[in-house]
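Here is the naming used below: chain letters follow the sequence lines, and residue numbers restart at 1 for every chain.
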Amino acid sequence: MRRLLLSGHLKFQRSSHLSLSLLRFFHVQSAISVQTDALSQFPCSSDQWSVGDPLDDFISILKNPAKTLPVHSYVSSLHCVALKAGFTENVQVGTGILNLYSKCSALDHVRKMFDELSQRNILTWTILLSACVLRGEHELGLSLFKCMLVDGVLPNCFTLATAFKCCAKNSSLRVGKSIHGWIFRNDIENDIILQNSIINFYAKHDAFGYARKVFELMPERDAVSWNSIIGVHVQLGDMTAAMDLFRASPSKDVSSWNTFINGQMENKFDQTALELLHLMVKIGPLFDQYTFSIALALSAKLALLDLGKQIHCKLLRLGFENDAFVKNSMINMYSKCGEVETSLIIFSNRVQSPNLSQLSPSFMGKLGNTISWSTLIAGYVHKGFTEEALALFSRMLNEGAPADAFTLTSIAAACADAGIFQQGRQIHACIEKLGHGVDVFLASAVIDMYAKCGSLDDARKVFEGMECTNIVFWTSMIASYALYGEGREAIDVFQMLLEKRIMPNKISFVVILSACSHAGLVEEGYKYFKMMQKDHGIVPTIEHFNCMVDLLGRQGLLDEAKNFICEHNLRHHSLVWKTLISACRVHGDFEAAIWASEKLVEIEPHEAGSYVLLSNIYATKRDWAKVSRTDLVLHDLEEEQREVILQHHSEKLAIAYGIISTPCGSPLRIMKNLRVCGDCHEAIKYVTQATDREIVLRDAYRFHHFKHGICTCRDYW
DNA sequence: TTAGGGTTAG
């Protein structure tokens, strides 16, 4: 249709009115390449005009709001037309083009044009500041705002709102406060938009009292005001107040619902978010693209595939399937809910930009090309499809998409899962080269990757090379030590964390308790279990309780472990019984093992695993003395047979192959999917002594780091 | 004013 119109247009190119109408049509349709083609046919010399005033028509095109943000190539073509036709002397044309450059984030062009302007007024200054905000240049925006005041130009509400946007995005609480004071003192007209931006500015700087005050003093409020103040309480985590405000808001529009539902998710009230979403369908406004993104994110988080599919149908009916955000949320939802193939299909049909290099960064962001890659890769890693994720990553690089910090984090996690040290190291080099080394998410993932690939030293180097107060970053290092049974080192790092007044979370405590357990540090374990509740107000969950049962059980304090289960009313948790049974077996307490297994069968009468455990214990009883020596190998074999089989255990074979195929003295890293047996563990100790090599063995649960005849697990695992 | 992708344990 557009092509047809364009070819028709070429026949009548001498008619300026027809040219302009077509141009406007293409602009509204936002067909980028066609617009530019149409512009190239635009009659430029005055003798080509048949009727009417071309200047007026041109100005009306500049002011005509397009459905989407203007594209840079289209605006520069318009600019060329204006130059050729001699329109640029006109103030409205100059301002119009400046505004379009600003909207497509072409800050360089805006600054150049602004510098060349003969007359600067409040409008041109405001356009310049908006361009800075759109481009994320908030510091520059503020310094230009100050230049404007020095020039004696009095700001209006729009300019001030833009200045507050700059202050909200950087560390300018002081500057923003002084502008607010100036508005008060000079009795400047203060409209709703400006007041909303002031609320938002205070909220971004955690100055919630001020935000609330501005809201309360507003003579009139719109949906944005209400949403902003609801957002303040969401940020504070005060969801009761947020709920009251949401109910009280007289202007509940679709964005109010979005803000509130999203706030519930941010505060981990996913069930409430789900209920509100149902309520919105019943009594609320129609969904917009934000609602769809939020709803899909919620389905992904709760792994509710059916709900996700219903939302998919709904968005198809309402025509939101081409929105880049929504599409990306769909890719995420399908992969997190286990339908990786569907997410791949949606990914393959995603919006492709005509020419990425010509577009501004914000426009590229809106098209979502890089983001879709990282979402898809994250989905594959999440589902454990490590090889596929790595293959997608190299395809992504081949297709010229940049490796951003998000993608690299997922790839580092993939290397950790697969325990592939060499690839992990290459990824780390790539991260440093691209300048992503300072990203805290990425650094945490790299620590975890090195630890899980068998190099605790490299993990430690990354940790020590960065000053950081992020709790996940610290927990990653503590978990790495715990994984290797280095309980004392784990405790040292945990103490450093407390000294720096970084707040440990519930996972940090699971990690430190498990470190104490693996290192047999009972007293310290009790200390942290109490500290967690008393000093940090963290209510212990089954994971914490289980660590304590494990800690006591491993040390042979079986009665204490039993009492702990009873005292804390953990009888209905199968996990603690399994832990206790394992400890009873290690310490050869058959009676206690039977007792615990019977408890387990009571709780899980339909679980085959419970009966297998129980029957194993009965089987063990037949020859307990023998089993206590060989319990980790095979129960019913003759001694000679056993010796032959033990020689072929995969870790021994791997080590033998490693020794003959690598340089003397280099470390060996071995991975296996089962727990190491006692015989292999003993043998490896001798091998490290005889060959003077370090051997790192990753089994199903943890690492064994052998050096000079000693293992970090101290023979306890 | 509100939206999508990343890290730690078990």
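- Note on N196(A): nothing from the nucleic acid sits closer than 4.0 angstrom, heavy atoms only.
- Aromatic pair F494(A)/F509(A): centroids less than 6.0 angstrom apart.
- Side chains of L274(A) and L307(A) form a contact here, defined as non-hydrogen atoms less than 4.5 Å apart.
- Using a 4.0 Å heavy-atom criterion, one finds that S255(A) contacts the bases of the nucleic acid, with or without backbone contacts as well.
- Going from atom NZ of K165(A) over to atom C1' of dT1(B) covers 10 Å, rounded to whole Å.
- Residue V472(A) is classed as a base contact, given a heavy-atom separation below 4.0 Å to a base.
- Atom-to-atom, CG of N258(A) to P of dT1(B) comes out at 14 Å; the value is rounded to the nearest Å.
- Using a 4.0 Å heavy-atom cutoff across all strands shown, K301(A) reaches no nucleic acid atom at all.
- When each of dG10(B), dT1(B), dG6(B) is scored by its nearest atom to the side-chain atoms of E543(A), the top-ranked nucleotide is dG10(B).
- Between W474(A) and F463(A), the ring center distance clears the sub-6.0 Å criterion.
- Remark: S514(A) is in phosphate contact with dG10(B), judged by side-chain N or O atoms under 4.0 Å from OP1 or OP2.
- Not a single donor-acceptor pair, N or O on each side, falls under 3.5 Å between the base of dG6(B) and the side chain of D404(A).
- No N or O donor and acceptor, one from the side chain of S329(A) and one from the base of dG4(B), sit under 3.5 Å apart.
- Checked by distance alone, S444(A) brings a side-chain donor or acceptor within 3.5 Å of a matching partner on the base of dT7(B).
- One interatomic measurement links the two molecules: CH2 of W226(A) to P of dT2(B), which rounds to 18 Å at whole-angstrom precision.
- Listed by first and then second residue, the salt bridge (charged side-chain N to carboxylate O under 4.0 Å, His left out) pairs involving residues 436-452 of chain A are D448(A)-K452(A) (not counting sequence neighbours).
- Regarding contacts with the backbone of dG4(B), every side-chain N or O of N332(A) stays at 4.0 angstrom or more from both OP1 and OP2.
- Atom C1' of nucleotide dT8(B) and atom CZ of F463(A) are separated by 12 Å, given to the nearest angstrom.
- Among the atoms of the strands shown, only primed sugar atoms or phosphate atoms (P, OP1, OP2) are found under 4.0 Å from some heavy atom of I294(A).
- Among the heavy atoms of the strands lying under 4.0 Å from A405(A) is at least one base atom, whether or not backbone atoms are also near.
- Contact check on K309(A) versus E339(A) returns a salt bridge, with a Lys/Arg side-chain nitrogen under 4.0 Å from an Asp/Glu carboxylate oxygen.
- Under the side chain to side chain contact (heavy atoms under 4.5 Å, CB included) criterion, F421(A) pairs with R425(A), Y450(A), C453(A), S455(A), D458(A), R669(A), not counting sequence neighbours.
- Heavy atoms of D439(A) sit under 4.0 angstrom from at least one base atom.
- Atom-to-atom, NE2 of H573(A) to C1' of dG10(B) comes out at 14 Å; the value is rounded to the nearest Å.
- dT8(B) atom C1' lies 8 Å from atom NZ of K452(A), rounded to whole Å.
- As a whole-Å value, the separation of F164(A) CZ from dT1(B) P is 13 Å.
- Taking atom CG on L296(A) and atom P on dT2(B), their separation rounds to 19 Å, with Å as the unit.
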